[in-house]
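Shown next, in C-alpha cells, is the structure this report addresses.
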Amino acid sequence: MNKIVLITGATSGIGHATARKFAENNYDLIITGRRKERLEKLKKELLENNKKIRVLPLAFDVRSLSEVVENLGNLDRDWQNIDILVNNAGLAVGLSHIDDGVIDDWERMIDTNIKGLLYITRVVSPGMVERGRGHILNIGSIAGKEVYENGNVYCATKHAVDALSRSMRIDLVKHGIKVSNIAPGLVKTEFSDVRFKGDKEKAEVPYKGMKPLSGEDIADVILYCVSLPDHVNINDVLIMPTAQASATIVNRD
Ligand code: NDP
Ligand code: 8X3
C-alpha cells in the first residue's frame with residue numbers, strides 16, 4: 001500500500017512541485033488549495049503519469065476552521081491514515097513599514113500562515129498520534145530566521161512557524177512523529193505576484209540578476225527529508241540560492 005501525503009497549497013509553486021515529486025515516487029496524495037480547477041488539472045496530470053497512485057483533490061480555504069474540519073475531519077476510511085503532512089499553504093501580502101501597514105494584509109498573513117497551519121495540524125495530528133507515526137513538514141522561511149525592513153508581519157508569521165515546528169517536535173516526540181522545518185530563501189513561484197498584488201513588474205524585482213530556487217529544488221529537499229530511515233529526522237533546513245547570503249544580501253549580475 002502506498003503512503004499517504006497531504007500537501008496544502010498544491011495549486012502553485014512549492015506545493016505543486018512537491019505534489020509532482022511525491023506522485024513520481026508512488027505516494028497517494030491529498031492535494032489542497034482554494035483553486036478547484038487547478039487541483040482537478042493537477043490530479044489529471046498526476047494520474048496520467050502514474051497509474052499506481054490515488055489522488056484526492058480538496059478545495060478549501062485553510063483560514064476557515066469549519067472548511068478545514070468539513071474537508072479533513074471526515075475523510076473516507078482509505079484516506080484517513082495520513083503519513084506525511086506538508087504544511088505549505090501560505091503567503092506574503094504587501095510590504096510596508098509598521099506605521100503604514102494595511103490591516104487586511106496583516107490579517108490575511110496571520111490567518112493563513114499561522115492559524116491555517118494550526119487548524120490543519122490540529123485536525124491531522126491526532127491520527128498520527130493514534131498510529132504512533134507520522135511526519136509533519138512545515139514550510140517556514142528565511143523570514144522566520146531573520147527580519148528585514150517592511151517585512152514585519154510576514155516575518156512574524158514565519159518566526160511563528162519556526163517556533164511551532166520546534167514546539168510541535170517537543171509535543172509529538174513521544175509518539176514517534178517527526179517534525180521538520182523547511183526554511184527557503186528566494187524561490188521563484190507565484191509568491192511575489194501575490195505579495196505585490198498582481199504588479200508583474202514589481203514582482204520580478206526580487207529575482208533580477210540572480211538565479212533563484214525553484215519549487216522543484218524545495219520539493220527535492222522535502223522528499224529527501226521523508227526518505228530517511230525511521231530513526232533519523234532533519235529538524236531544520238535553511239535552503240538558499242547560491243547567490244543569496246541572507247534575507248537582504250543577494251549577489252546580482
Ligand atoms: P505560491 O503563491 O506559488 O503558492 C502558495 C500556495 O498556497 C498556493 O497553492 C495557494 O493556493 C495556497 N494558499 C494560499 N492561501 C491559501 C488559503 N487561504 N487557503 C488554502 N490555500 C492557500 O507561493 P510559494 O509556493 O512560494 O509558497 C508556498 C510556501 O512557501 C508559503 O508558505 C510561503 O510563505 C513559503 N515560502 C516561499 C518562498 C518564496 O520565495 N517563494 C520562500 C520561503 C518560504 P490557492 O491560491 O489556490 O488557495
Ligand atoms: C519568502 C522569502 O525573503 O521574500 O519567505 O521573505 S522572503
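Because the structure is a prediction, the values reported are computed rather than measured. All ligand and atom numbering here is 1-based and tracks the order in the structure. Position 1 is the first residue of the sequence; numbering continues from there.
Rounded to the nearest 0.5 angstrom, N138 CG and N181 CG are separated by 6.5 Å.
Nearest protein neighbour of atom 48 (O) of ligand 1, counting heavy atoms only, is R34 NE, 2.6 Å. For atom 23 (O) of ligand 1, the closest non-hydrogen atom of the protein is T189 OG1, 3.4 Å. Nearest non-hydrogen protein atom to atom 10 (C) of ligand 1 is T11 OG1, 3.7 Å. In this structure, atom 35 (C) of ligand 1 lies nearest to the protein heavy atom I139 CG2, 3.8 Å. Scanning the protein for heavy atoms near atom 22 (C) of ligand 1, the closest one is A89 CB, 3.8 Å. Looking from atom 40 (O) of ligand 1 to the surrounding protein, the closest heavy atom is V187 N, 2.9 Å. Of the protein's non-hydrogen atoms, G185 O, 3.0 Å is the one closest to atom 42 (C) of ligand 1. Among protein heavy atoms, the minimum distance from atom 5 (C) of ligand 1 is reached at G90 O, 3.7 Å. Residue, atom and distance of the protein heavy atom nearest to atom 2 (C) of ligand 2 are S141 OG, 3.7 Å. The nearest heavy-atom contact from the protein to atom 6 (O) of ligand 2 is Y148 OH, 2.5 Å.
A salt bridge links D78 and R54; the closest N-O separation between the charged side-chain nitrogens and carboxylate oxygens is under 4.0 Å. Checked for salt-bridge contact, K208 and E201 miss the test: no charged N lies under 4.0 Å from a carboxylate O. The pair K202-D193 fails the salt-bridge criterion, with no side-chain N (NZ, NE, NH1 or NH2) lying under 4.0 Å from an Asp/Glu carboxylate O. Under 4.0 Å is where a charged nitrogen must lie from a carboxylate oxygen, and between D162 and R166 at least one such pair does. For the pair D220 and K21, the salt-bridge criterion is met [side-chain N within less than 4.0 Å of a carboxylate O]. Ion pairing of R35 with E190 is present here, as a side-chain N (NZ or NE/NH1/NH2) and a carboxylate O approach within less than 4.0 Å.
Residues R195 and D105 have side chains not in contact (no heavy-atom distance under 4.5 Å, counting atoms from C-beta outward). Residues F60 and T32 meet the side-chain proximity criterion, which asks for heavy atoms closer than 4.5 Å. With contacts defined as side-chain heavy-atom distances shorter than 4.5 Å, the pair L238/I142 qualifies. In this structure, the side chains of L56 and I31 stay at 4.5 Å or more apart for every pair of heavy atoms. Inter-residue side-chain proximity for N113 and R108 is flagged as unmet; no heavy-atom pair is nearer than 4.5 Å.
Checking only distances, K188 never comes within under 3.5 Å of ligand 1, N or O to N or O. Looking at I14 next to ligand 1, an N or O pair under 3.5 Å apart turns up. Geometrically, ligand 1 and V62 share a nitrogen or oxygen pair separated by less than 3.5 Å. Annotation: Q244 places no N or O atom under 3.5 Å from an N or O atom of ligand 2; distance criterion only. An N or O contact shorter than 3.5 Å is missing between P184 and ligand 1 by distance. In terms of polar-atom proximity, I142 is not counted as a contact of ligand 1, lacking any N or O under 3.5 Å from an N or O of the ligand.
At least one heavy atom of T112 sits closer than 4.0 Å to an atom of ligand 1.
Here V187 has no heavy atoms under 4.0 Å from ligand 2, in either its backbone or its side chain. For R38, no heavy-atom contact with ligand 1 is shorter than 4.0 Å. Using a 4.0 Å cut-off between heavy atoms, D61 contacts ligand 1 through both its backbone and its side chain.
Remark: aromatic rings of Y154 and F191 are close, center separation under 6.0 Å.
Atom numbering of ligand 2 starts at 1 in the shown order; those under 4.0 Å from a heavy atom of R195 are 4 (O). Atoms of ligand 1 found under 4.0 Å from any heavy atom of R35, numbered from 1 in the order shown, are 11 (O), 45 (P), 46 (O), 47 (O). Annotation for ligand 1: atoms under 4.0 Å from non-hydrogen atoms of G140 are 43 (C), 44 (C). Near A143, meaning under 4.0 Å from any of its heavy atoms, are these atoms of ligand 2: 6 (O). Shown in contact with I142 at under 4.0 Å from a heavy atom are these atoms of ligand 2, numbered in order with element: 3 (O). Those atoms of ligand 1 that come under 4.0 Å of a heavy atom in N88, given as number and element, are 28 (C), 29 (C), 30 (O), 31 (C), 32 (O). Near Y154, meaning under 4.0 Å from any of its heavy atoms, are these atoms of ligand 2: 1 (C), 5 (O), 6 (O). Annotation for ligand 1: atoms under 4.0 Å from non-hydrogen atoms of G13 are 3 (O), 25 (O).
T11 and H16 are not linked by any side-chain donor-acceptor pair at a separation below 3.5 angstrom, with hydrogens and angles left out of the test.
Considering F60, Y154, Y207 only, the shortest heavy-atom separation from atom 36 (N) of ligand 1 involves Y154. Considering only non-hydrogen atoms, atom 1 (P) of ligand 1 lies nearest to S12 out of A10, S12, G215.
Residue-environment remark: CD (E130) stays at or below the threshold of 12 foreign heavy atoms within 6.0 Å. Counting heavy-atom neighbours within 6.0 Å of Y148 OH, excluding the residue itself, gives a total above 12.
Residue pairs meeting the side chain to side chain donor-acceptor pair (under 3.5 Å) criterion with at least one partner in residues 237-247, sequence neighbours excluded, do not occur; the list is empty.
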